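Working notes, beginning with the structure itself.
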Amino acid sequence: MKNYEKYERAYFMPPECTYDWVKKDYIDHPPIWCSVDLRDGNQALIEPMSLEEKLNFFELLVEVGFKEIEVGFPAASETEYAFMRALIDRKMIPEDVTVQVLTQARPHIIRKTFEAVQGAPHAVVHLYNSTSVAQREQVFKKSKEEIKQIAVDGAVLLKELAEETDGNFSFEYSPESFPGTEVDYAVEVCNAVLDVWQPKPDNKVIINIPTTVEIAMPHVFATQVEYIHKHLKYRDAVTLSLHPHNDRGSGVSDAELGLLAGADRIEGTLFGNGERTGNVDVITLAMNMFSHGVDPKLDFHDMPSIRERYETYTGMQVPPRLPYAGDLVFTAFSGSHQDAISKGMSWREEKNLTKWTVPYLPIDPKDVGRTYDADVIRINSQSGKGGVGYILRQNFGISLPKQMMESVGYAVKNVSDHAHKELSPEEVYDVFKERFMYQTPIFSVEECHFKQADGIVCQIAISHNNERRDLTANGNGRLDAVSNAYKQYFGVKYELSVYEEHALTRGSSSKAVAYVGLTASDGKMHWGVGIDVDIIKASIDALTVAVNQLDEVKKKQA
């Protein structure tokens with residue numbers, strides 16, 4: 001690809017690299033979560049949310065369980081300012097929830113911010129200024145010392161205004177554009193800010209490391225975070241926070257490895273909304289922990305409702321393949337996947353398992369409000385016999401004999417292939433009924449009676465060539481007698497190879513289903529199914545459908 005020479009690796013490794021984070025294999029406890037949907041997420045929307053939409057979104061975030069919520073940049077616009085005031089004046093902030101507001105390290109913006117948060121029960125004032133080489137040289141044209149002084153001056157003013165303003169305030173600082181900043185210099189600036197604030201373990205401050213634009217691989221970020229973790233002053237009085245963006249598609253990896261490297265807190269958004277490619281998706285992070293048996297302390301048990309409200313408030317759409325939340329993330333179309341899932345679900349039921357081990361499904365879809373019937377196995381031309389069998393069993397109580405699954409699978413796939421579309425469970429059942437239950441083009445049964453005499457004697461009336469034909473035969477049982485009557489009348493030979501029956505497990509419990517599989521003289525298998533309150537009638541119906549398919553019988557048609 002042309003022009004690759006114009007790019008270079010613009011990140012900085014720490015002056016000393018340690019890799020203690022590599023020794024950890026999973027995150028054993030959740031971080032402090034901070035939603036930035038109402039600030040970072042909102043500013044990335046084509047049409048930012050209205051005041052009422054933001055208030056509704058705030059309530060959603062509280063319901064999910066966020067205890068820290070960045071609500072805006074109050075000095076940026078009247079809507080942002082009014083939103084902050086509405087939360088305070090309407091007393092909408094729960095006692096256990098802290099709101100957070102963002103401000104540049106500029107005196108007039110800081111003052112406007114404190115006007116907005118006056119009277120807040122607890123608010124974090126989040127100060128930032130840019131520290132990267134590119135920003136220092138190209139935008140601000142200032143030296144390292146001058147950039148550090150901007151941060152220090154901002155920290156001093158925050159401390160002064162917090163003492164003068166009614167409310168309960170704590171502080172956060174971000175070296176914005178950190179990925180392009182020398183790591184030891186970023187630590188130097190953060191420590192200078194900490195020296196102003198003088199935090200204590202019972203009055204912590206937040207140092208937030210943003211991947212403002214993601215430019216390095218996740219292991220690089222983890223190494224940078226570990227250096228910061230080990231070199232920050234007042235470490236026991238500092239909450240080390242990460243704010244990953246997703247420019248390289250590694251936001252989740254940055255966050256997870258950063259937590260292993262010593263971070264305590266994550267700022268992110270629902271479904272990854274945010275500037276450019278977005279922020280880290282808090283849902284993915286939380287559900288990844290959940291899938292490892294760790295309680296994330298956020299509640300996504302009703303994901304469809306959360307997603308619907310998010311889409312309503314933001315006007316954004318959740319992609320169908322977004323982890324844990326997209327329409328298709330639990331869906332298998334592939335035949336081999338469907339077969340494995342179907343067998344895994346049966347295994348789980350048979351063994352009465354409490355741990356989740358179903359193939360291809362990292363979590364139980366029901367834990368996030370999804371259903372097996374509608375979400376897990378869906379049928380198109382790529383589907384297999386296992387998936388079709390699962391759909392019939394789960395939705396309609398039809399437990400196909402193992403030998404029959406292939407025939408039913410091919411019949412359904414053929415319809416989907418020719419229609420060039422996915423088939424709903426109802427459409428799958430319609431194909432099944434039309435092909436294996438109602439397929440009697442040559443002859444059908446009008447009535448049938450039995451009596452005991454030298455075994456079982458059947459007297460059966462069939463309609464063939466638009467005429468009634470009365471047949472009589474005997475056999476070892478009722479179905480055998482009817483089968484012998486068919487063989488004698490049509491002059492055919494076949495073997496009744498498969499017979500199974502069971503009560504329907506869905507719908508009317510008074511009905512039974514019978515399956516008949518015939519092996520013709522040429523070795524072909526033919527299948528029929530019957531459903532009735534009378535198992536004998538269901539069995540005869542199944543046999544009749546199967547016999548109608550024999551080539552020798554078809555030749556008898558006028």
Side-chain angles (χ1 to χ4, degrees), residues 33-64 66 68-90 92-93 97 99-104 106 109 112-113 115-117 123-124 126 128 130 174 176-177 210-214 243-247 249 251-252 266-284 298 300 302-327:
W33 300 107
C34 178
S35 161
V36 294
D37 290 88
L38 297 172
R39 196 278 300 170
D40 201 340
N42 184 58
Q43 74 183 37
L45 299 176
I46 296 173
E47 184 177 339
M49 287 180 276
S50 67
L51 175 60
E52 289 304 314
E53 286 170 335
K54 290 192 75 173
L55 290 170
N56 289 333
F57 205 143
F58 179 82
E59 291 180 336
L60 170 61
L61 295 170
V62 170
E63 290 172 24
V64 167
F66 285 98
E68 297 188 8
I69 302 172
E70 188 167 82
V71 298
F73 197 146
S77 72
E78 266 314 304
T79 301
E80 297 283 283
Y81 185 93
F83 176 53
M84 184 69 256
R85 291 312 314 164
L87 291 175
I88 297 171
D89 296 340
R90 299 184 192 183
M92 293 181 64
I93 305 171
V97 173
V99 294
Q100 178 174 303
V101 290
L102 186 68
T103 177
Q104 292 174 318
R106 300 171 66 184
I109 294 178
K112 181 73 171 179
T113 301
E115 290 177 19
V117 297
V124 172
H126 181 183
Y128 77 94
S130 196
S174 289
E176 203 234 350
S177 64
T211 54
T212 309
V213 178
E214 188 182 42
H243 183 113
H245 278 248
N246 200 42
D247 300 87
V252 169
I266 294 291
E267 294 187 350
T269 60
L270 301 183
F271 309 107
N273 183 35
E275 297 279 10
R276 303 178 308 280
T277 56
N279 289 278
V280 67
D281 179 7
V282 169
I283 291 175
T284 299
L298 294 176
F300 298 112
D302 191 358
M303 194 76 77
S305 174
I306 294 170
R307 171 183 159 176
E308 180 183 6
R309 291 167 69 181
Y310 163 84
E311 292 182 335
T312 298
Y313 303 150
T314 66
M316 301 289 285
Q317 296 296 311
V318 173
R321 299 292 183 188
L322 193 72
Y324 303 106
D327 279 341

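Each residue takes its place number in the sequence, starting with 1. Here the structure is a predicted model, which is why all the values come from computation and not from measurement.
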Q: For E308, look at atom CD and say whether over 12 heavy atoms of other residues, nucleotides or ligands are found less than 6.0 Å away.
A: no
(Q) Quick test of your reading of the model: are R90 and E52 salt-bridged, counting only N-O distances below 4.0 Å? (A) yes
(Q) Can you tell whether the side chains of R307 and D327 come within less than 4.0 Å, N to carboxylate O? (A)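 Yes, this pair counts.
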Q) side-chain contact (heavy atoms from CB on, under 4.5 Å) with T79: which residues, sequence neighbours excluded? A)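 For T79 the side-chain contact (heavy atoms from CB on, under 4.5 Å) partners, ignoring immediate neighbours, are S77.
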Q) Checking side chain to side chain contact (heavy atoms under 4.5 Å, CB included) for the pair L55/F57: CA distance, chi angles, key distance, verdict? A) CA-CA 5 Å; L55 290 170; F57 205 143; over 6 Å; no
Q: Output the distance between atom CD (E115) and atom CZ (R85), rounded to the nearest 0.5 Å.
A: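 Spacing of CD (E115) from CZ (R85) equals 10.0 Å.
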(Q) I'd like to know if the side chain of T212 pairs up with that of S177 as donor and acceptor (distance under 3.5 Å, no hydrogens or angles considered). (A)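 Their side chains do not contain a donor-acceptor pair, so the 3.5 Å distance test is not met.
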Please check if the side chain of [X] supplies one atom and the backbone of [Y] the other of a donor-acceptor pair under 3.5 Å.
X: N246; Y: G278; value: no
X: E214; Y: D247; value: yes
X: T314; Y: M316; value: yes

Q) For F271, which residues count as a ring-ring contact (aromatic ring centres under 6.0 Å, His included) partner, sequence neighbours excluded? A) Y310
Q: Under the salt bridge (Lys or Arg N to Asp or Glu O under 4.0 Å) rule, what do K54 and D37 come out as? Steps first, then yes or no, please.
A: CA-CA 9 Å; K54 290 192 75 173; D37 290 88; over 6 Å; no
